[in-house]
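As structure tokens, the structure follows; a few thoughts come after it.
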2 protein chains.
Amino acid sequence: MSRSTEGGTVSEARTRLLNTATRIFYAEGIHSVGIDRIVAEAKVTRATLYRHFASKEDLVLAYLAQADQAIRGQVAAAQASSPSPDDQVRAVAKSITDGIQSTGFRGCAFLNAAAEYSDPAHPIHQAVLAHRQWFLDTVTGLMAQTDDGVADAAGRHFVMLRDGAMAAGCLFDPKLISDTFLHGVEGIIKARTIPELTGGATASAAKS
Amino acid sequence: MSRSTEGGTVSEARTRLLNTATRIFYAEGIHSVGIDRIVAEAKVTRATLYRHFASKEDLVLAYLAQADQAIRGQVAAAQASSPSPDDQVRAVAKSITDGIQSTGFRGCAFLNAAAEYSDPAHPIHQAVLAHRQWFLDTVTGLMAQTDDGVADAAGRHFVMLRDGAMAAGCLFDPKLISDTFLHGVEGIIKARTIPELTGGATASAAKS
DNA sequence: CAGGATGTAGACCGAACATTCTACCTCCCT
DNA sequence: AGGGAGGTAGAATGTTCGGTCTACATCCTG
């Protein structure tokens, strides 16, 4: 029942478990779904779950790690799609709006998880923070062409708009949200390359 | 133990219950806190809780209704603070950043609730949608001076930025989030009054 | 004074929760 | 041939959940 690859073994039941957990946790939240539900839908027994994951928390952490990997893949693909940094930012933005407009979109898995785990010391909360820091750094890096101070502000601005779009994407018309987001991103890109067009607000912001 | 006012009676235990629920639900989430916890901290018995609220769900609804009222009050105060629509928008933005930088800030009570109640048919989810619709309409109204199409886009843009700021405000440096948000809002205000400065992106956005 | 609304105190309910356990089966690798 | 890892099946753990109930005390008002 296992598939062996060099250096590691992947259990079929484990994959089924993790995929089921991903689907249900994302769609319905974490605290509101019990172990029995996941075990039943993954067609495994409780004993099997606890053979692969130390606890429910461990399963949640694995779910978030998987989501993190998926997003890193999307961003890497966006970076590889064009040599132009501006177009790379646009590609990242497009991958976000694609997600928002996909069926079953339920917001950002990490923001949703943070809403359920408020304690900053909790491992799940920290997993959220780590993912977000990586994303902010990555986007800021994409923004950085010449002026570093402007890139920081532009990166934060982009992430804030993304957070808003992701949060609202499942509470309002996804198409309208996507349009609003993409126009906002265009504004950020333009303001960064021709800062005087924004009346100096963004430029002075970067220095504060 | 009750205070009578014309037309209605306010129970002390009920207020204590609702305030306690508000504090704990906001700080720690909804599914993760039980009735016993609220009952204990409010210094009432379970029987008293169920005398005033039909169920836990009812208590959550009352919590959100109270939060809704508080925010409406803030927005009304912002509207009354100046005759200039631009400054009214700035005042709303300031009330938001004040919240973000206040101790115990834990994000938007409504976004957090939506993360825990994903089913659109659920009364709690619908309470979130209703509040958000009111807020979007109100902000759009503030944006509307002459051009209606631009106001719609500006209102959506403002709310998206707010959502991002509220979501990230408890996951990142609140001061930096507040600055980023306020600069973004200035950009929206300026883009609305002098749309050609944004290269037409915002203007064309409004028409789509 | 009677009665209804409000409250306390605490027992009680069935269900769901996460987690552990024993017992047995079936592969694959050595 | 033997052993360990991965799996099933299902019982059992003790805790917590939301919610109900009885019994009794208080207080305001009609």
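In what follows, every heavy atom counts, from backbone to side chain, and hydrogens, waters and symmetry copies are set aside. Letters go in sequence order (proteins before strands), and every chain restarts at 1.
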| Length of the line joining Tyr50(B):OH and dG10(C):P, which is rounded to integer Å | 19 Å
| query | Taking atom P of dT19(C) as reference, at what distance in whole Å does atom CG of Leu59(A) sit? | reply | 10 Å
| task | State, with a plain yes or no, whether a side-chain heavy atom of Phe110(A) is found less than 4.5 Å away from one of Leu129(A). | result | no
| said: It should be established whether Ser55(A) places a side-chain nitrogen or oxygen under 4.0 Å from OP1 or OP2 of nucleotide dA18(C). | reply: no
| message | How many whole angstroms separate atom CD of Glu12(A) from atom P of dT26(C)? | response | 17 Å
| request: Among the candidates dT8(D), dT19(C), dA9(C), find the nucleotide nearest to the side-chain atoms of Lys56(A). | output: dT19(C)
| query | In whole Å, what is the span from the NE2 atom of His52(B) to the C1' atom of dG7(C)? | reply | 8 Å
| Less than 4.0 Å between a side-chain N and a carboxylate O, is that true for Glu186(A) and Arg90(A)? | yes
| note | Of Arg51(A) and Thr48(B), the one whose closest nucleotide on DNA chain C sits nearer the 5' end is Thr48(B)
| message | If I take atom CZ in residue Phe53(A) and atom P in nucleotide dT19(C), what distance separates them, rounded to the nearest angstrom? | response | 13 Å
| said: As a quick check of understanding, evaluate side-chain contact (heavy atoms from CB on, under 4.5 Å) for Arg46(A) and Asp36(A), giving each step before the final call. | reply: CA-CA 7 Å; Arg46(A) 264 188 295 278; Asp36(A) 291 3; 2.9 Å; yes
| query | Tyr117(A) and His122(A): aromatic ring centres closer than 6.0 Å? | reply | yes
| task | Only one of Asp137(B), Val89(B), Asp86(B) passes side chain to side chain contact (heavy atoms under 4.5 Å, CB included) with Leu142(B); say which it is. | result | Val89(B)
| request: Write down the distance between CG (Leu17(A)) and C1' (dT8(D)), rounded to a whole number of angstrom. | output: 14 Å
| field | Rounded distance in Å - CZ (Arg46(B)) to P (dC13(C)) | value | 14 Å
| request: May I ask you to list the residues of residues 31-41 of chain B, by number, that have any heavy atom positioned under 4.0 Å from an atom of DNA chain C? | output: none
| said: Just the rounded figure in Å: distance from C1' of dT8(C) to CZ of Arg16(B). | reply: 11 Å
| Where does the angle between the aromatic ring planes of His131(B) and Phe135(B) fall among parallel (under 30°), tilted (30 to 60°) and perpendicular (over 60°)? | parallel
| field | Residues Ile71(A), Trp134(A); criterion side-chain contact (heavy atoms from CB on, under 4.5 Å); working and verdict | value | CA-CA 11 Å; Ile71(A) 291 170; Trp134(A) 161 81; 4.0 Å; yes
| query | Under 4.0 Å: is that the gap between some side-chain N or O of Ser11(A) and OP1 or OP2 of dG6(D)? | reply | no
